[in-house]
Amino acid sequence: PNLVPNAGGAYFDENVDMFDAAFFGMNSNEARMADPQSRLLLQASWEALERVGVVIDSSDRRDDVGVYVGAMNDDFKVAVISSPALAGASTLDTPIDGASVRLSYFLNLGGPAITVTTLCSSSLVAAHVAARDIAEGRTSMAIVGGTNVIMANFVTEWYSSAGNLSTNGRCNTFDARGDGLTRGEGV
């Protein structure tokens, strides 16, 4: 993604609306109504598999491959519920409910499809669950990732009014200089 910082330290993906719907077997209306976080996850996962030379033949079901996704943002569902322009969009496609399922379905995978929502640790916990499932023999391979797209400004405003945002625009995790969180988009 092409991430662009704003004055408040948040990072936004300026290409979040770019998506090759036909490649992923979606018509343009379905793609428009799909949560942008799911779209980013599809694109990034496909690219990651290509880069490491893993070929997933969607005509051959792989029951030994799991999909584990960290996602916590439900902005698209809020937008769907509150916007007449998005009437008819599937609220079942939001990451809280099904980002891992959409990716698993597209790749014709039959292993676990788990979306983890543990706030800021969602992706880390997804990686932990995937590693555990491989170690315990539930899967032989895992696709693990995280996704976030910010569509509702009120969440950032709420964090700001509560004093939760970093004053210097940096998160500084596990550092004494840490004074709050930052928000960003990406996968």
Side-chain angles (χ1 to χ4, degrees), residues 1-21 24 31-52 67-83 85-86 89 91 93-103 114-131 142-187:
N2 188 15
L3 300 178
V4 179
N6 76 353
Y11 288 82
F12 297 98
D13 183 351
E14 65 181 11
N15 297 321
V16 75
D17 60 337
M18 305 298 286
F19 183 67
D20 186 354
F24 292 99
R32 184 176 68 84
M33 297 302 186
D35 190 306
Q37 296 174 116
S38 291
R39 295 190 317 241
L40 284 175
L41 183 66
L42 281 167
Q43 292 173 156
S45 298
W46 186 264
E47 184 178 324
L49 290 168
E50 278 184 333
R51 285 185 179 194
V52 297
V67 176
Y68 304 80
V69 176
M72 63 169 265
N73 190 339
D74 222 0
D75 284 8
F76 188 70
K77 186 181 280 186
V78 172
V80 167
I81 292 168
S82 62
S83 171
L86 292 173
T91 57
D93 188 45
T94 61
I96 298 299
D97 303 311
S100 58
V101 174
R102 182 179 278 278
L103 178 58
I114 299 170
T115 302
V116 176
T117 304
T118 57
L119 298 177
C120 295
S121 64
S122 298
S123 297
L124 179 63
V125 174
H128 170 77
V129 173
I143 298 170
V144 182
T147 183
N148 191 54
V149 173
I150 299 168
M151 296 181 69
N153 287 333
F154 74 86
V155 176
T156 302
E157 292 165 6
W158 179 79
Y159 280 135
S160 180
S161 67
N164 294 337
L165 293 180
S166 172
T167 58
N168 66 8
R170 297 183 105 34
C171 198
N172 297 309
T173 304
F174 306 117
D175 189 311
R177 294 173 293 167
D179 67 347
L181 61 89
T182 58
R183 298 194 76 210
E185 297 181 323
V187 64

(request) Start with the C-alpha distance between Ile114 and Val67, add both sets of side-chain angles, then the distance that settles side-chain contact (heavy atoms from CB on, under 4.5 Å), and finish with yes or no. (result) CA-CA 6 Å; Ile114 299 170; Val67 176; over 6 Å; no
(request) Evaluate the side-chain contact (heavy atoms from CB on, under 4.5 Å) criterion for residues Asn73 and Ile150: first the C-alpha distance (whole Å), next the side-chain angles of each, then the deciding distance (0.1 Å), finally the verdict. (result) CA-CA 7 Å; Asn73 190 339; Ile150 299 168; 4.1 Å; yes
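For the pair Asp20 and Gln43, the tightest heavy-atom approach, listed with the atom from each and the gap, is N-OE1, 3.9 Å. Contact record, Ser123 with Gly146: OG-CA, 3.2 Å, taken as the closest heavy-atom pair. Counting all heavy atoms, side chain and backbone alike, Met72 lies closest to Cys120 at SD-N, 3.9 Å. Considering every non-hydrogen atom in both Ala126 and Val144, the closest pair reads C-CG1, 4.0 Å.
By the side-chain hydrogen bond (donor to acceptor under 3.5 Å, both in side chains) test, Thr167 is found to be paired with Asp179, residues two or more places apart in sequence or in another chain being considered. For Ser160, there are no side-chain hydrogen bond (donor to acceptor under 3.5 Å, both in side chains) partners two or more places apart in sequence or in a different chain. Remark: Glu50 engages no residue in a salt bridge (Lys or Arg N to Asp or Glu O under 4.0 Å) (not counting sequence neighbours).
Distance check: Leu165 CG to Trp158 CH2 gives 10.0 Å after rounding to the nearest 0.5 Å.
Looking at Thr115, its side chain does come within 3.5 Å of a backbone N or O of Ser100 through a donor-acceptor pair. Under a 3.5 Å cut-off, the side chain of Ser166 and the backbone N or O of Leu181 do not form any donor-acceptor pair. For Ser45 (side chain) and Leu42 (main-chain N/O), no donor-acceptor pair under 3.5 Å exists by modelled atom type.
Screening Leu41, Leu40, Asp35 for a side-chain contact (heavy atoms from CB on, under 4.5 Å) with Ser38, the sole residue that qualifies is Asp35.
Classified by interplanar angle (parallel below 30°, tilted 30° to 60°, perpendicular above 60°), the ring pair Phe24/Phe19 is parallel.
Side-chain contact between His128 and Tyr68: absent, with no pair of heavy atoms (C-beta onward) separated by less than 4.5 Å. Counting only heavy atoms from C-beta outward, the side chains of Val187 and Gln37 never approach each other to under 4.5 Å.
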